[in-house]
Amino acid sequence: MMMSRSGARLTNSMMATMGPHLFSSATTTPRILSTASYLQNGNQVASPARNMSSWTRKRSTLALGEKEEEGGKQPVTASAGGDAKNDKEIVSYWGVSPSRISKEDGTDWKWNCFRPWETYQADMSIDLKKHHAPITFMDKMAYWTVKSLRLPTDIFFQRRFGCRAMMLETVAAVPGMVGGMLLHCKSLRRFEHSGGWIKALLEEAENERMHLMTFMEVAKPKWYERALVFAVQGVFFNAYFLGYMISPKFAHRMVGYLEEEAIHSYTEFLKELDKGNIDNVPAPAIAIDYWRLPANSTLRDVVMVVRADEAHHRDVNHFASDIHYQGRELRESPAPLGYH
């Protein structure tokens with residue numbers, strides 16, 4: 001009974017002394033004194049004030065040491081910059097700070113999603129009418145697969161080419177990423193080079209994504225169009241992944257035909273612009289910097305360079321399919337890096 005009462009008094013004394021510090025929101029972790037320091041001469045409880053003052057001094061010393069340690073490491077701040085649309089700074093403990101990049105005229109580069117050395121001038125001289133005639137069964141299957149995908153797109157978007165372009169680019173940016181990812185894994189498994197095709201396909205995916213970022217500035221998607229992107233991308237990604245695993249030559253041929261349809265869609269877009277059915281608004285700033293367009297460029301100029309990009313992607317994917325049809329692997333032929 002005496003032991004029980006003594007234990008109760010001990011518990012109450014410890015909670016009264018240490019409770020506010022144990023359950024406070026202070027960031028410094030307190031050092032908890034052992035129960036033995038409260039006991040003297042058997043079950044006699046020592047004066048808590050003396051122990052508390054000692055604990056407080058230790059805690060103050062610990063906090064001071066932490067402040068000194070923090071003072072010795074100055075955090076690095078980096079501006080969000082450019083397309084982040086705010087001037088807030090990012091505090092980095094790790095010392096990773098982005099380098100300041102300037103344009104040729106000395107002004108600050110404001111885009112984080114791409115750098116000046118990734119910009120280019122589109123090759124407008126490319127033949128837009130080239131077409132691979134489907135001869136083999138696999139070619140015909142790829143051709144009619146793309147044609148069947150065009151029908152619901154025509155029904156849903158009709159003549160709304162801005163929204164149509166956005167939907168097209170959310171799909172067109174998938175094959176390059178899937179193909180590059182699978183070639184990357186294949187290169188790792190086989191301990192062999194890819195011939196540059198990993199980078200070439202990822203360049204294609206990034207280029208298509210930049211098309212989407214551009215048209216986002218022109219046509220604002222509605223909520224149901226965003227929901228449609230979720231559904232279409234989910235289905236198409238997995239279907240193309242499976243198709244590429246089974247037959248890369250079929251996958252690349254299908255993308256070649258998909259790019260041919262993209263050329264047709266952007267040609268119709270240009271016709272509507274020329275007729276005045278769509279406002280020929282000034283080109284978005286991101287498009288002017290990415291394609292090195294003149295400052296007074298318009299939406300028509302943007303559609304022209306995007307169509308030229310699609311023609312280059314058409315050529316690359318038909319070429320990749322031809323390599324497989326000849327019984328070779330992509331790595332046996334140098335990839336057309338930087339082919340815009």
Side-chain angles (χ1 to χ4, degrees), residues 114-115 117-147 149 168-169 171-211 236-263 306-340:
F114 65 100
R115 299 304 192 194
W117 51 85
E118 297 172 337
T119 64
Y120 63 97
Q121 290 180 322
D123 177 16
M124 307 296 291
S125 63
I126 190 168
D127 186 358
L128 300 172
K129 297 181 180 180
K130 290 174 67 175
H131 167 69
H132 178 83
I135 300 175
T136 67
F137 170 77
M138 195 165 292
D139 281 359
K140 291 179 180 178
M141 185 169 65
Y143 178 80
W144 288 110
T145 298
V146 173
K147 286 295 184 181
L149 293 175
L168 176 65
E169 299 302 344
V171 173
V174 170
M177 181 60 66
V178 172
M181 176 185 66
L182 290 175
L183 286 180
H184 174 76
C185 293
K186 182 179 179 180
S187 176
L188 297 178
R189 290 194 309 270
R190 295 189 176 183
F191 303 94
E192 63 186 18
H193 293 287
S194 69
W197 280 94
I198 296 174
K199 186 174 182 180
L201 293 178
L202 294 182
E203 278 184 354
E204 176 187 313
E206 174 63 12
N207 183 247
E208 297 284 10
R209 192 185 67 84
M210 288 303 299
H211 294 175
F236 184 74
F237 181 94
N238 289 284
Y240 189 80
F241 181 92
L242 182 62
Y244 202 101
M245 290 285 289
I246 296 173
S247 176
K249 62 183 176 183
F250 166 79
H252 282 294
R253 187 69 78 202
M254 190 184 76
V255 176
Y257 288 130
L258 184 66
E259 300 295 355
E260 290 183 16
E261 289 298 326
I263 295 170
V306 170
R307 185 177 65 170
D309 284 348
E310 305 295 4
H312 286 84
H313 299 160
R314 170 204 64 193
D315 294 353
V316 170
N317 280 277
H318 279 315
F319 173 57
S321 184
D322 289 345
I323 293 173
H324 284 292
Y325 264 104
Q326 296 172 28
R328 313 289 290 275
E329 293 192 12
L330 293 182
R331 65 184 179 85
E332 297 179 46
S333 177
L337 294 173
Y339 181 68
H340 295 296

**Item:** Salt-bridge present (R190, E329; N to O < 4.0 Å)
**Value:** yes
**Ionic contact status for R209 with E169, cut-off 4.0 Å** = no
**Prompt:** Is the side chain of E118 donor-acceptor paired with the backbone N or O of R115 at a distance under 3.5 Å, no angle test?
**Reply:** yes
**I323 side chain near W197 side chain, heavy-atom distance below 4.5 Å** = yes
**Request:** Drop me the distance from L188's CG to I198's CD1, to the nearest 0.5 angstrom.
**Result:** 7.0 Å
**Complete:** Sorted by chain and number, sequence neighbours left out, ring pair (Phe, Tyr, Trp, His ring centres under 6.0 Å) with F236 holds for Y240
**Request:** Using the salt bridge (charged side-chain N to carboxylate O under 4.0 Å, His left out) rule, collect all pairs that involve residues 236-249, keeping only residues at least two apart or in two chains.
**Result:** none
**Request:** May I ask you to test the L330-S194 pair for a side-chain heavy-atom distance under 4.5 Å?
**Result:** no
**Prompt:** Should we count NE2 of H324 as having more than 12 external heavy atoms under 6.0 Å?
**Reply:** yes
**Asked** Can you tell if the side chain of E310 reaches within under 4.5 Å of the side chain of H211, non-hydrogen atoms only?
**Response** yes
**Message:** How long is the straight-line distance from CH2 of W117 back to OG1 of T119, given to the nearest 0.5 Å?
**Reply:** 10.0 Å
**Asked** If every non-hydrogen atom of G180 is compared with every non-hydrogen atom of L201, which pair is closest and at what distance?
**Response** N-CD1, 3.7 Å
**Asked** Looking at H132, E260, H252, which hits side-chain hydrogen bond (donor to acceptor under 3.5 Å, both in side chains) with H318?
**Response** E260
**Complete:** Which of F250, Y257, F137 passes ring pair (Phe, Tyr, Trp, His ring centres under 6.0 Å) with Y143? It is Y257
**Asked** Got a donor-acceptor contact below 3.5 angstrom from the N317 side chain to the H313 backbone?
**Response** yes
**Asked** For residues D123 and Y339, is any side-chain donor paired with an opposing acceptor at under 3.5 Å?
**Response** no
**Request:** Provide the closest heavy-atom pair for A262 versus L168 in the form atom of the first, atom of the second, distance.
**Result:** CB-CD2, 3.6 Å
**Prompt:** What distance separates R331 CZ from L183 CG, expressed to the nearest 0.5 Å?
**Reply:** 11.0 Å
**Request:** Might you point out which heavy atoms bring A200 and A335 nearest each other, and give the distance in Å?
**Result:** CB-CB, 3.9 Å
**Request:** Kindly say whether A205 contributes a backbone atom to a donor-acceptor pair with the side chain of E208 at under 3.5 angstrom?
**Result:** no
**Message:** I'd like to know if the side chain of E259 reaches the main chain of H312, judged simply by a donor and an acceptor atom lying under 3.5 Å from each other, with no hydrogens or angles considered.
**Reply:** no
**Asked** Are more than 12 heavy atoms from other residues, nucleotides or ligands located less than 6.0 Å from atom CE of M245?
**Response** no
**Asked** What pairs of residues pass the salt bridge (charged side-chain N to carboxylate O under 4.0 Å, His left out) test when at least one of them lies in residues 312-323, not counting sequence neighbours?
**Response** R253-D322
**Item:** Nearest-0.5 Å distance that lies between atom CG in L202 and atom CG in N207
**Value:** 12.5 Å
**Prompt:** Hey, does L182 have a side-chain heavy atom less than 4.5 Å from the side chain of K186?
**Reply:** no
**Request:** Heavy atoms only: give me the nearest I263-A311 pair and the separation to one decimal.
**Result:** CD1-CA, 3.6 Å
**Message:** What I'd like to find out is whether the side chain of S247 reaches to under 4.5 Å of the side chain of M138, using heavy atoms alone.
**Reply:** yes
